[in-house]
Amino acid sequence: MSDTTASESAAPAASPRRDFIREMVADDVVAGRFGRAPSTRFPPEPNGFLHMGHAKSICLNFGIAQEFGGTCNLRFDDTNPFTEDVKYVESIKRDVQWLGFQWDGEYYASDYFEQLYEFAERLVHNGRAYVDSQNEDEIRAGRGTVTSAGVAGPHRNRSVEENLDLLRRMRVGEFADGAHVLRAKANLAHPNMIMRDPLLMRIRHAHHYRRGNDWCLYPLYDFAHGLSDAIEGITRSLCTLEFKDNREIYDWLLHEVGFDNPPRQTEFARLELDYTVLSKRKLLRLVNEGHVSGWDDPRMPTIAGLRRRGVRPEAIRAFCDVIGVARKDARVEIATFEHAIRDDLNTLVPRVLCVLQPLKVVLTNYPEGQVEQMEASSYPPDNARSETRLVPFTRELFVDRDDFMEDPPKKFFRLAPGKEVRLRFGYLITCQDVVKNDAGDVIELRCTYDPATRSGNAPDGRKVQGTIHWVSATESLPCEVRLYDRLFSQADPDAVSEGSDFISALNPESLVVMHGRIEPSVASDAVGTRYQFERTGYFMSDEVSTANALVFNRIVSLRDSWAKEVKKG
RNA sequence: UGCCCCUUAGCUCAACUGGCAGAGCGUCUGACUCUGAAUCAGAAGGUUCCAGGUUCGAAACCUGGAGGGGCAACCA
């Protein structure tokens, strides 16, 4: 299960979910609207790692292609040479595949530069675009404000010949960055700001990770995106809500360039998740400022981070399916995601005993030196799988500190002075004595075991309420356990007081490292093996884990109704 | 302040397009249990943002308003 490159499983072809986009695509098919099969695309800019927000878009775009027998392309929207890198292309491809999807075509907007340039000449030729030689500030000023119309700049009425001449010279690199830009000749008084002669191409003498230095006239998003969609024969161009206003220029350009049956843009709400941030800009800051160990830090909401943490693509897909897609801003509770993760792992992974905070227990009436191998089922009774393993039982054990209280409240079902509990797959034991150090800390429990209860039950029929996990003090293995928690301590990390930003909302305890003890059966398991540590949570051995230095990541905790009880007081 | 979008249970979404407002998650009970997990059963939770209007009938249609969000990068 150390699989990190290929997908762990292909995504299922059918989803029962029907959202407004799927309704629309279904209608396209019935109406024969585009004269071609539904075709979508996932169009990331290779300037960062993919995260949960992208996962939603990926599941949508690829899901529709699968469900309707259409196609979905992977297209890199790499029109900005300043920010993009091949390392991001590689990580994106890997992540999409890992999520269980395979694209039909792999395309790059940067491969369309020549074609887009031809479109630009066509627009100029038809009087629909012009070269503007104002500087950035002048252009901004000329665009007006949301309440006042813009005014035409001095170059708006250049002749077609002059525009064409300038454009050609822009292309061959005659001008410095910013000397000229190509603008659509739309409407400077348009109530939609996007339509006030948007910039189409700008000069950038920069190294592009794919085009090198051979190109210096780069298309902007509005110019590149819709036309790229049209080139690829996309039918439905799905994007997030903030591009709503851009749809007007999208349609305008497709019409002016002259595409028949052009693709149509439809917007849906981007994903927001409680206690985390989902924006490349913010995630990049977390990485650059060292708040996390990298893009694949297991606390990151990136696909790489979730993968390293141990979340399976199935869980991510199930989550995306259950949250659906709609047109209103959506902030999802992490509980929804955690449920999807547990639900995916529950029937799948073996149980194992691991003590996170070891507290020594000595069974005073248990023979010294004796080792009993207890047969333990690796899956619960409601699971079809029935594997077992042996867990060594000895006179000295460790239990979790949380499972002992010297002065317990009424409903505490675990170990306490004079109380009897069951050791999972072991005997019933009773706490007889508490040993403390000079500081008054409990350092050892002296207990007795009932030799007649090896089955886990008492022959006399007496009941114990609690069952706790344990490990042999002498036969268990030391291990490092990394407990990951939410990265931020407030649901909306951006909702911080004036003057501070989301960084101030970071949860200082998002990573807690424990030094625990685990049953020896896991010693030779491959890196990347997932388990449920009984009564604790789901874990995966980290890529740095070795037989001599075991390291586990907590994927997600188990639901804990006792913790809720304690919280209630 | 101009244009655009959104508003249904705590959260995310449904409601076959005008016909008894539902589901998943969460919460709370209970059953079961050698995981305080899982599973199972049940419950609570709604002025469908508000006010008018149309209609036999409105979550849906119309008008007005409120609240939230987007747009004035040579980012995407």
Side-chain angles (χ1 to χ4, degrees), chain A residues 17-19 23 43-45 47 77-80 82-83 132 135-136 139-141 143-150 177-178 180-183 190-196 199-204 218 220-222 224-225 239-248 267 269 271 274 280-281 319 321-340 342-343 346-347 351 353 376-377 380-383 411-414 421-426 428 453 455-457 464-469 491 532-537 557-566:
Chain A
R17 191 116 197 158
R18 266 295 163 95
D19 47 67
E23 296 280 1
E45 182 186 13
N47 67 346
D77 226 340
D78 53 356
T79 56
N80 183 357
F82 292 168
T83 54
D132 196 343
N135 66 34
E136 204 170 335
I139 289 174
R140 194 194 337 272
R143 192 149 32 214
T145 70
V146 290
T147 50
S148 61
D177 289 11
H180 309 279
V181 293
L182 183 73
R183 296 180 74 178
H190 200 107
N192 178 357
M193 296 296 296
I194 302 281
M195 294 303 288
R196 320 251 263 227
L199 272 60
L200 267 22
M201 302 185 100
R202 79 298 211 185
I203 300 168
R204 229 99 125 154
Y218 289 89
L220 278 118
Y221 170 82
D222 282 317
H225 202 93
C239 64
T240 45
L241 248 24
E242 68 270 25
F243 292 101
K244 183 81 174 73
D245 291 343
N246 300 63
R247 186 158 91 201
E248 206 163 355
E267 312 83 17
L271 171 68
D274 274 357
K280 274 194 250 182
R281 206 194 87 245
F319 171 75
D321 193 49
V322 86
I323 60 171
V325 8
R327 238 177 309 219
K328 74 173 169 187
D329 300 317
R331 172 171 288 277
V332 181
E333 293 176 340
I334 22 82
T336 306
F337 188 35
E338 291 184 347
H339 175 266
R342 293 187 190 108
D343 195 46
N346 177 40
T347 56
R351 318 284 117 139
L353 300 180
S377 49
D382 61 1
N383 192 304
K411 292 196 285 189
F412 187 78
F413 302 152
R414 311 174 185 183
V421 297
R422 174 166 37 239
L423 294 179
R424 183 90 162 133
F425 309 120
L428 300 187
T453 58
S455 67
N457 290 303
V464 292
Q465 288 216 81
T467 299
I468 65 174
H469 57 285
Q532 184 197 97
F533 290 179
E534 294 222 20
R535 306 206 312 132
T536 306
S557 66
L558 249 29
R559 284 187 71 203
D560 188 351
S561 55
W562 171 244
K564 282 177 205 155
E565 193 71 33
V566 170

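This is a predicted model, so every value here is computed, not measured. Chain naming here is simple, since letters A, B, ... match the order of the sequence lines and numbering starts at 1 in each.
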Base, sugar-phosphate alone, or nothing: which one does [X] contact when heavy atoms must sit under 4.0 Å apart?
X	answer
A:Arg327	sugar-phosphate
A:Glu242	sugar-phosphate
A:Asn246	base
A:Phe82	nothing
A:Asn383	nothing
A:Leu220	sugar-phosphate
A:Val146	base
A:Thr336	sugar-phosphate
A:Glu45	sugar-phosphate
A:Asp382	base
A:Phe425	base
A:Gln532	base
A:Phe533	nothing

Taking the [atom1] atom in each of [N] and [M], what is the distance between them to the nearest angstrom?
N	M	atom1	answer
B:U47	B:A58	C1'	14 Å
B:U12	B:G64	P	29 Å
B:C25	B:U39	P	8 Å
B:C20	B:C11	C1'	26 Å
B:G57	B:G18	P	16 Å
B:C28	B:G36	C1'	16 Å
B:A60	B:U54	C1'	13 Å
B:A43	B:C6	P	36 Å

Rounding to a whole Å, what distance do you find between [X]:[atom1] and [N]:[atom2]?
X	N	atom1	atom2	answer
A:Arg331	B:U7	CZ	C1'	17 Å
A:Glu565	B:U27	CD	C1'	13 Å
A:Met193	B:U1	CE	P	17 Å
A:Glu338	B:U12	CD	P	17 Å
A:Gln465	B:U35	CD	P	12 Å
A:Arg424	B:A38	CZ	C1'	11 Å
A:Lys564	B:G26	NZ	C1'	8 Å
A:Arg143	B:A73	CZ	P	5 Å

Does [N] have a Watson-Crick or wobble partner in any strand here, with both distances under 3.5 angstrom, and which is it?
N	value
B:U33	none
B:A66	B:U7
B:G18	none
B:G45	none
B:C61	B:G53
B:C71	B:G2
B:A23	B:U12
B:A38	none

Could you go through the side chain to side chain contact (heavy atoms under 4.5 Å, CB included) check for A:Glu23 and A:Arg18 one step at a time?
CA-CA 6 Å; A:Glu23 296 280 1; A:Arg18 266 295 163 95; 4.0 Å; yes
Between the base of B:G70 and the side chain of A:Asp245, is there a donor and acceptor pair under 3.5 angstrom?
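Such a pair is found, so the answer is yes.
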Between the base of B:U12 and the side chain of A:Glu333, is there any donor-acceptor pair under 3.5 Å?
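Per atom types, no contact qualifies.
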Report yes if a side-chain nitrogen or oxygen of [X] is closer than 4.0 Å to either non-bridging phosphate oxygen (OP1 or OP2) of [N]; otherwise report no.
X	N	value
A:Arg204	B:C75	yes
A:Arg281	B:A73	no
A:Lys328	B:U8	yes
A:His469	B:U35	no
A:Arg342	B:C25	no
A:Arg559	B:A38	yes
A:Arg18	B:A14	no
A:Ser148	B:G2	no

Out of [options], whichever nucleotide has its closest atom nearest the side chain of [X]:
X	options	value
A:Thr467	B:U35, B:U1, B:A14	B:U35
A:Tyr221	B:A37, B:A76, B:U35	B:A76
A:Pro380	B:G36, B:U39, B:A37	B:A37

Would you check if the side chain of [X] reaches a backbone N or O of [Y] as a donor-acceptor pair within less than 3.5 Å?
X	Y	result
A:Arg351	A:Glu534	no
A:Arg331	A:Ala491	yes
A:Thr240	A:Glu242	no
A:Arg342	A:Ser557	yes
A:Arg559	A:His339	no
A:Lys411	A:Glu565	no

Less than 4.5 Å apart, side chain to side chain, heavy atoms only: is that true for [X] and [Y]?
X	Y	value
A:Leu199	A:Leu182	no
A:Thr79	A:Tyr221	no
A:Asn80	A:Asn47	no

Would B:U17 be called syn or anti here, given the cut-off of 90° from 0?
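B:U17: syn.
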Need the glycosidic conformation of B:A73: syn if within 90° of 0, anti if not. Which one?
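Because its glycosidic torsion lies within 90° of 0, B:A73 adopts the syn conformation.
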A:Trp562 aromatic ring stacked with six-membered ring of B:G36, 5.5 Å and 30°
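Yes, A:Trp562 stacks on the base of B:G36.
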Find which nucleotide of RNA chain B each of A:Asn192 and A:Thr453 is nearest to by heavy atoms, and output the residue with the more 5' nucleotide.
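Result: A:Asn192.
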